[in-house]
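Written out below as structure tokens is the structure these notes cover.
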Amino acid sequence: GGWRRFPHRPEMLFYLALGILASVLALGPRLGDVPMPFTALWYLLPGASFIATPARFATLSSLATAVLAAGGLALVLRVVSDTRQRRLAGGMVALLAALELMAAPLAMTRPLPERLPQVYAWLATLPGRFAILELPMPTDKSAENEDFARYQLHSLVHGKRIVNGVAASVPTITRQLREEMQLFPGNASVARLRELGVTYVLVHTDKLAPDAVAPLRQAIEQNPGLEFIEFDGPIWVVDVLPVEAASAAGG
């Protein structure tokens, strides 16, 4: 009876539909092996491809939930006439909102070490906004961790473009690049870096298996399309030579 007398039924139905739709879209292009509506939205709706992170739809879902909660409370207060019960209903809503917002225990991680590697300050002194790539890269999305996310934080220090990154939805070209870079500097990985306009590769040797470091150094030194730039610390700087320079070097 209260719902039939409620003056905002069309608005509540709209926010109910918005909440359901936004929640489904926030799940991303696939849920396991099942394609989701976000994929159709990405390809069919002009401008939708600019939405790099499907989780942004969770904001609309939260908005719809808040409006529905307010409408539900208004409906309860409209039906209940007893003052004590009305206060109890308002207090319960406030308590539930506080519990929903609570985040505990809160695990904290240090986003950046106390001292950034000197190589990033060196990159910041170089002119131009060329692109760099940092290795190792994760093999797939399941292998992503905070170390790979730090590459993006480092870019705030040196100001160069990067082809690394982690996100809720990984583009196809990034998945392909990750596969190719597992074979760096073999296969066609160096040619792919030139194609992407990558000038330098930073190799974090402290994140590699110990028995892989020496063979990787040898492979880089033997590749005519690459040149070592000596740098102190566990991070190698590798210059990706242009085609002309590589040809002159014999490759």
Side-chain angles (χ1 to χ4, degrees), residues 28-30 32-33 39 52-53 113 116-120 122-123 126 128-155 157-251:
R30 303 185 71 86
D33 296 328
T39 303
T53 306
L116 280 174
Q118 189 64 26
V119 64
Y120 296 114
W122 172 75
L123 282 172
L126 301 181
R129 294 200 67 232
F130 51 83
I132 69 168
L133 177 138
E134 301 199 49
L135 294 177
M137 296 183 77
T139 53
D140 52 39
K141 184 169 177 55
S142 63
E144 291 179 354
N145 58 42
E146 62 188 43
D147 287 336
F148 301 119
R150 285 193 178 98
Y151 295 158
Q152 293 167 256
L153 286 174
H154 295 158
S155 69
V157 177
H158 57 69
K160 310 306 179 187
R161 295 182 297 137
I162 61 173
V163 295
N164 297 85
V166 295
S169 179
V170 180
T172 301
I173 187 173
T174 303
R175 292 196 296 268
Q176 294 172 348
L177 182 64
R178 288 176 174 181
E179 293 177 2
E180 294 170 351
M181 290 304 111
Q182 306 307 315
L183 301 174
F184 177 84
N187 202 4
S189 57
V190 176
R192 169 67 75 149
L193 293 178
R194 289 198 192 101
E195 178 186 332
L196 294 174
V198 173
T199 302
Y200 294 109
V201 176
L202 306 186
V203 182
H204 297 253
T205 58
D206 55 337
K207 295 180 174 60
L208 299 175
D211 58 349
V213 175
L216 178 59
R217 171 106 190 200
Q218 183 179 12
I220 292 173
E221 290 176 338
Q222 293 177 350
N223 192 306
L226 302 173
E227 181 179 351
F228 253 107
I229 299 178
E230 295 296 336
F231 220 94
D232 293 335
I235 303 177
W236 295 343
V237 181
V238 182
D239 189 358
V240 181
L241 301 177
V243 175
E244 300 79 10
S247 299

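Along the sequence shown, residues carry numbers from 1.
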For V163, side-chain contact (heavy atoms from CB on, under 4.5 Å) partners two or more places apart:
L133, L177, V198
Considering residues at least two apart in sequence or located in another chain, which fulfil the side-chain contact (heavy atoms from CB on, under 4.5 Å) criterion with A212?
A209
To the nearest 0.5 Å, tell me how far [X] [atom1] sits from [Y] [atom2].
X    : Y    : atom1 : atom2 : result
N164 : M137 : CG    : CE    : 4.5 Å
L241 : L226 : CG    : CG    : 6.5 Å
N187 : Q182 : CG    : CD    : 12.0 Å
D206 : I235 : CG    : CD1   : 7.0 Å
L135 : L216 : CG    : CG    : 8.0 Å

Between R175 and E179, is there a side-chain N and carboxylate O pair less than 4.0 Å apart?
no
Would you call R178 and E144 a salt bridge, using N to O less than 4.0 angstrom?
yes
Evaluate the ring planes of W236 and F228, with Trp represented by its six-membered ring, and classify them as parallel (under 30°), tilted (30 to 60°) or perpendicular (over 60°).
perpendicular
Between Y200 and V238, does a side chain to side chain contact (heavy atoms under 4.5 Å, CB included) hold up when you go through it step by step?
CA-CA 6 Å; Y200 294 109; V238 182; over 6 Å; no
Taking the side chain as every heavy atom from C-beta outward, state whether [X] and [Y] have any atom pair closer than 4.5 Å.
X    : Y    : value
M181 : L193 : yes
L202 : L123 : yes
I132 : H158 : yes
I229 : W122 : yes

Closest approach of N223 and P185, non-hydrogen atoms and distance?
ND2-O, 3.3 Å
Shortest non-hydrogen separation from G197 to A131 and the atoms involved
O-CB, 3.5 Å
Would you sort out whether V203 and L208 count as a side chain to side chain contact (heavy atoms under 4.5 Å, CB included), showing the intermediate values?
CA-CA 9 Å; V203 182; L208 299 175; 3.9 Å; yes
Quick check: does any side chain N or O of R150 sit under 3.5 Å from a backbone N or O of L153, one acting as donor and the other as acceptor?
no
Tell me if a side-chain donor or acceptor on K207 pairs with a main-chain N or O of D147 at a distance below 3.5 Å.
no
Can you list every pair that meets ring pair (Phe, Tyr, Trp, His ring centres under 6.0 Å) and has a residue in residues 204-227, with sequence neighbours left out?
Y151-H204
Going by distance alone, is a donor N or O of one side chain under 3.5 Å from an acceptor N or O of the other, for S142 and D140?
yes
Do the numbers put R192 on top of the ring of F184, so that NZ or CZ is under 6.0 Å from the six-membered ring centre and no more than 45° off the axis?
no
